[in-house]
> 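Sending over a structure as C-alpha cells; questions will come in a sec.
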Amino acid sequence: MTLSLNQYHTIAISILILMLGEFLRNRIFLLKKYCIPVPVVGGLLFTILLLIGYETNSFHVKLNMVFKDLFMLLFYAGIGFTASWKLLKKGGPQVIVFLILSSILVVFQNLLGVILGNALGVGSLVGIATASIPMTGGHGTSAAFAPVLESVGLEAATTISLAAATFGLVAGSLIGGPTGHYLIEKYHLNSSEAGKIDLDKIDDQAIIKESRKRSLIVGTYQLLLTVGFGCIISDLLTKTGLAFPASVGGMTAALIVRNWADNTSCFKLRLNEISIISNVSLLIFLALSMMTLKLWQLTSLAVPMLILLFAQTGMMFLFAVFVTFRFMGKNYDAAMIAVGHCGFGLGAVPTAMANMQSVESKYGPSPRAYFIVPLVGSLFINIVNSFIITIFINYCK
C-alpha cells in the first residue's frame, strides 16, 4: 500500500512531528540533557515507522517536499543577517581569534573525513558527510548540504549526515565536561582569573524586543526580498560550473544587506522579527528533512561511519586541548571556551552552553566565554563553514 501526501499534508505532518518531539523532550531526561533537537526526536519516530513499513513491505509513504527549500532559504537568510562585521569588531580580538581557530577546525574536520573515508573504502563524499557538515554545522547544515552531496553522487547523503549530526550532539555533550575538568585541574585554574566583559558595549540590535505588528510585517518583507536576491546570487554561482547549495546565495545576500544597513541610516532591519521567522523555518525544515530519512541505507555503512565519527570526536578533544585552550590564553576563560568548542564543534551551540553550565556549576563562571562561544558558534562560523564545505565538495566530486 502506498500513501501519497500532497504538500499541505506533508507540512501538517511535519508540524505534528514537532509537537510530538517537544512533548517527548520535555518529559525524557536524556533527550533534554543531550540537547537533542525537537525535530530530531519526533522525526526519528516517524522514520522508524517508515522503516517498519519498508522492511515488512506493508506500506510506503510518498511525501511532497515542494516547500522544503523555501523554509531552508528563510532559515539561512536569517543566519546571514547575523554576520555583522561591526559586531564582530566590537567583540574584540579574542572573538576574531576564536573564529579563526573554529575555521581551522572546520578544515581539519573535512581533511580527516576525506582521508579516512578513502582509507576505509567508502569514499571521500561519505567522509565529508560525517565531517564539518554535521559536526560544526549540525542538523541544519546537514539537511541543507545533503541535496548537494546527492547531486554529486552520494545517494544516502541525507540519512548519513543527519545520523552523524545526532551522534555529534551526544558526543559533544560527553566530552565537554571531561575536557574542562582535565584542563582546569591540570593547570590549577580558577574562576577568579576569568576576565570580565562589558556586554553593555555590544550594540546588537538582534536582541531588541519589538512586538508591534508593523515590525513583524516589515521583517517578513525584508527576509523574503533577501531570499529573492539570494536566488539571483545562486543562479550566478551555478554558472561557474561549481556545486553550490541554494543556502549560500541566501546567506551571501543577507550578509550584504546586513552590513550595508549597519553603515547607513536609510532603513532599519527588523532583526528580532527576522530571527523569529528564521528559527520557525529551521524547525519546519528540519522536520521535513527528518521525514525523508531512509534508515535502511545505513546498514552497509554502520562500521565505517562509527570509525569516522569516533575519529572526529577524538580530533575535537585534541584540538580543544592543544589548540583552542592554548591560543585563547591558557587561563580559566580559555578552558571554558575549549569546553564550549567541544559542544558546537561536534553538535550545536545549545550543547556548548550546556557543557559550560555543567563546568561552571563546579568551578565557577566565565563571563567572557559565555559571550565569545555563542557569538562565534551561533553566527559567524556557520557562514565560514558553508563556504569551506562547498570548496571540499567541489574538489572531491
Side-chain angles (χ1 to χ4, degrees), residues 33-35 88 90-109 111-112 132 135-136 138 167-199 201-202 309-381 384-385:
K33 176 181 179 181
Y34 292 117
C35 304
L88 181 62
K90 284 189 176 182
Q94 277 200 309
V95 173
I96 297 175
V97 171
F98 187 47
L99 176 58
I100 293 171
L101 295 178
S102 300
S103 303
I104 292 172
L105 174 66
V106 166
V107 175
F108 283 178
Q109 285 176 331
L111 285 174
L112 177 63
S132 76
M135 298 292 105
T136 295
F167 176 96
L169 283 174
V170 178
S173 298
L174 291 176
I175 73 167
T179 299
H181 174 80
Y182 169 76
L183 291 172
I184 292 169
E185 295 293 337
K186 179 178 180 179
Y187 294 99
H188 307 291
L189 306 174
N190 60 76
S191 62
S192 63
E193 299 174 7
K196 296 182 179 180
I197 185 165
D198 187 357
L199 297 178
K201 293 182 179 180
I202 306 301
L309 293 173
F310 277 112
Q312 292 287 352
T313 303
M315 185 177 71
M316 181 69 255
F317 171 77
L318 294 174
F319 192 93
V321 171
F322 295 106
V323 180
T324 303
F325 174 67
R326 293 177 183 274
F327 281 90
M328 293 307 295
K330 293 185 68 174
N331 53 22
Y332 186 80
D333 284 326
M336 286 291 278
I337 292 170
V339 169
H341 202 182
C342 288
F344 83 76
L346 289 177
V349 171
T351 306
M353 303 306 288
N355 283 350
M356 292 193 294
Q357 287 168 2
S358 176
V359 175
E360 176 192 60
S361 66
K362 181 176 181 180
Y363 295 103
S366 171
R368 186 174 296 277
Y370 271 86
F371 171 71
I372 292 174
V373 170
L375 183 63
V376 173
S378 295
L379 310 183
F380 302 105
I381 193 59
V384 175
N385 189 26

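Being a predicted model, the structure only gives us computed values, none of them experimental.
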> Nearest 0.5 Å, please: how far is CG in L169 from CG in L346?
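L346 atom CG to L169 atom CG measures 9.5 Å (nearest 0.5 Å).
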> If you round to the nearest 0.5 Å, how far is CE of M315 from CG of L112?
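Those atoms lie 5.0 Å apart.
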> Please answer whether the main-chain N or O of S366 pairs with a side-chain N or O of D333 as donor and acceptor at a distance below 3.5 Å.
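Absent.
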> Taking all atoms of both residues into account, what is the closest heavy-atom pair of A338 and L183, and its distance?
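Distance-wise, the nearest heavy atoms are CB-CD1, 3.9 Å.
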> Please enumerate all residues that pass side chain to side chain contact (heavy atoms under 4.5 Å, CB included) together with Y370, with sequence neighbours excluded.
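For Y370, the residues satisfying side chain to side chain contact (heavy atoms under 4.5 Å, CB included) (neighbours in sequence not counted) are M336, M353, M356, Q357, E360.
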> Between G180 and V359, which heavy-atom pair has the shortest distance, and what is it?
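That would be CA-CG2, 4.5 Å.
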> For F310, does the CZ atom have more than 12 heavy-atom neighbours from other residues, nucleotides or ligands under 6.0 Å away?
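No, not enclosed.
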> Do you know the tightest heavy-atom contact between V373 and A352?
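So the two residues come closest at CG1-CB, 4.0 Å.
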> On a heavy-atom basis, which atom in T324 and which in I337 lie closest, and how many Å separate them?
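Of all heavy-atom pairs spanning T324 and I337, the closest is CG2-CG2, 4.0 Å.
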> Would you say the side-chain atoms of N385 and S132 include a donor-acceptor pair closer than 3.5 Å?
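Yes - a donor-acceptor pair under 3.5 Å links their side chains.
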> How close do M135 and Q109 get, counting heavy atoms only, and between which atoms?
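The pair with the smallest heavy-atom distance is CB-NE2, 3.5 Å.
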> Output the distance between atom CG (L105) and atom CZ (F319), rounded to the nearest 0.5 Å.
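With rounding to 0.5 Å, CG (L105) is 5.0 Å from CZ (F319).
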> What is the minimum heavy-atom distance between A334 and F325, and which atoms define it?
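Shortest heavy-atom contact: CB-O, 3.4 Å.
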> Which residues pass the side chain to side chain contact (heavy atoms under 4.5 Å, CB included) test with F317, not counting sequence neighbours?
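If we apply the side chain to side chain contact (heavy atoms under 4.5 Å, CB included) test to F317, skipping adjacent residues, the hits are I175, T179, V321.
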> Which distance, rounded to the nearest 0.5 Å, do you find between the OG of S191 and the CG of N331?
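Here the rounded value is 12.0 Å.
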> How many angstroms lie between atom CZ of F98 and atom CD1 of I372, to the nearest 0.5 angstrom?
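That separation rounds to 8.0 Å.
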> Using 30° and 60° as the class boundaries, would you call the ring planes of Y363 and H181 parallel, tilted or perpendicular?
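Tilted.
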> Counting C-beta onward and ignoring hydrogens, is there a side-chain heavy-atom pair between Y332 and N190 closer than 4.5 Å?
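No - every pair of side-chain heavy atoms lies 4.5 Å or more apart.
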> Heavy-atom distance under 4.5 Å between the side chains of H341 and M316, does that happen here?
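Answer yes - side chains close enough.
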> Do S103 and I381 come within less than 4.5 Å of each other through their side chains, counting heavy atoms only?
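They are in side-chain contact.
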